[in-house]
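Only one structure is covered here, and it is reproduced in the block below.
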Amino acid sequence: MLSIKYIRENPEVVQAAISNKGEKGDVHEILRLDKKIRQLIHDVEAKKAEKNRTNSQIVEANRNSQDADQLIKKMKKLSAEIKMGDSDLTQSRHQLNELLIWVPNIPHESVPVGVDESTNVEVRMRGEAPTFDFEIKTHLDLGTSLHLFDFERAAKISGSGFPLFTGKGAKLERGLINFMLDYHVQRGYKEVYTPFMTLPAANEATGQLPKLKEDMYFVERDNLYLIPTAEVPVTNIHRGEILSEDELPIHYVAFSPCFRREAGSYGKETRGLLRVHQFNKVELVKFVKPETSYQELERLTRDAESILKELGLHYRVVALSTGELSFAAAKCYDLEVWAPGENRWLEVSSCSNYESFQARRANIRYRRKDGKLEFVHTLNGSALATPRLTIALLETYQTDEGSVMIPEILQPYVGETVLK
RNA sequence: GGAGGUGUAGCAUAAUUGGUAAUGCACCGGUCUUGAAAACCGGCGUCCUCACGGACUUGGGGGUUCGAGUCCCUCCACCUCCGCCA
């Protein structure tokens, strides 16, 4: 959420961001309510001050055994007026909040302007697309023939879109997760293991709600959402807290399964592991001081992509343009890995700086050395999501025999040099 | 799931029959000192306001009352015991 002060002072910037991101949001109505609320605060607080004075007079009268009937009458009247004013105020604040929660974050000045992926900017690329002197298979063919996963049986259990990994496929999945966790812990991230179901308030804090409600699994009976990313529980670790300047920056790494309804995305895009309702992911989350957040974004992106580098995969880093930027992000790099069998780039990570947008919703602040309170900046990025990483690994390291070589760094984690 | 208890600032502890949150420690700044400690002074929960000031704050929400930390209802968290389950 943006600060009302910022909107008040930069209405045209906010309106432009709403348009660029294709969001709804009514700046005029927001400003009207804001004005009304500030007037109400002024009026009601004046009455409350009068009430507090009158109460003191009653105490004084009682102490001197004087008649306080007139004063009590006055208190009654004031109390009734205050009650009405407070009620109006609460309602107006609620209305304003309902509008503010739909206003997206403002893109950083370095974000390329444009409406779709055609205006994204490739920042850097590593390696080259592997070439093969035999007819290559897709990950689905490889995984099926090597018995790494079994989508037909998985559908019996949960319907389509829920992977079932078997044997060495399961071992590969577990190995990837452990490799990535160990790797980031070594680089100074603190490992956390979180709840996988979260309260509505936690999802509003990170910006998943209200916009992405349709994409979330929800357990109505207990009023809990299944997490679509570890970003939600990890960011909420510090919800409502005031951190000290000394403990910043905070770097977390978390493994979690992720649950996404992926409403309305059926078709061949969902073949195999391309787009699934449940997948595993290692996530990096940072809480930092505002002045360092863009530096931290670069480092976070480097940390995430180093997994691809270590695994020897061909990938590129793409800076999203304003139209592609998610609701809560001010700037975002996507990591895309090359999948030879699919013959295209696959997104395996989004590394975003939310600036104070999430911190304001989640009320996460820190106290500067000079005593002033300020919102932290939050960042996060996948490092990485396993399904598309697995696709790239299988398709990149396949052999003419239909087996798959395991990159050396991963071998201790999988306990194999080759899947055959 | 059942019964009982607890919840006050970073921590720890107060608040007659309801009268509007007191104190200690820790922390920050200042005075003093060669420096530090001690002592003393100030700050030490949030919001509005250019400011002066003012308002709010006892786990959350609601109610009674002119007035609620205090009385009532409700939800939450934690503790103790019982039951159930892996």
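Each chain gets a letter, A, B and so on, in the order its sequence line appears, and its residues count up from 1.
Shown here, B:G1 forms a base pair with B:C82; the pair counts as Watson-Crick or G-U wobble because both key distances fall under 3.5 Å. Figure legend. B:C40 is base-paired to B:G30; pairs are counted as Watson-Crick or G-U wobble with both atom distances under 3.5 Å. In this structure, B:G7 forms a base pair with B:C76, meeting either the Watson-Crick or the G-U wobble geometry with both donor-acceptor distances under 3.5 Å. With a cut-off of 3.5 Å on both pairing distances, the Watson-Crick or G-U wobble partner of B:A12 is B:U23. Nucleotide B:C71 forms a Watson-Crick or G-U wobble pair with B:G63, both donor-acceptor distances falling under 3.5 Å.
Taking atom P on both nucleotides, B:G61 is separated from B:U70 by 13 Å, rounded to a whole Å. Comparing B:C50 with B:G62, their P atoms are spaced 29 Å from each other, to the whole Å. Between B:A9 and B:C28, the two C1' atoms lie 16 Å apart (nearest whole Å). Rounded to a whole angstrom, the distance from the P atom of B:U34 to that of B:U16 is 50 Å. B:A55 and B:A3 are spaced 42 Å apart, taking the C1' atom of each and rounding to whole Å.
For the residue pair A:E173/A:N280, the side-chain donor-acceptor check at 3.5 Å is satisfied. For the 3.5 Å distance criterion, the side chains of A:S293 and A:N353 qualify, holding a donor opposite an acceptor.
Applying the 3.5 Å distance criterion, the base of B:U20 shares no donor-acceptor pair with the side chain of A:N52.
The neighbour count for A:E12 CD, taken as heavy atoms of other residues, nucleotides or ligands under 6.0 Å away, is above 12.
Nearer the 5' end of RNA chain B, as judged by each residue's closest nucleotide, is the contact made by A:E50, out of A:E50 and A:K83. Comparing A:I242 and A:E45 by the nucleotide of RNA chain B whose heavy atom lies nearest to each, the residue mapping closer to the 5' end is A:I242.
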Walk me through it: do A:Y333 and A:E298 pass the test side-chain hydrogen bond (donor to acceptor under 3.5 Å, both in side chains)?
-> CA-CA 9 Å; A:Y333 293 114; A:E298 296 302 321; 2.6 Å; yes
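Rounded to an integer number of Å, the gap from CD of A:E60 to C1' of B:C66 is 17 Å.
At a threshold of 4.0 angstrom between heavy atoms, the contacts of A:R365 are confined to the sugar-phosphate backbone, with no base atom among them.
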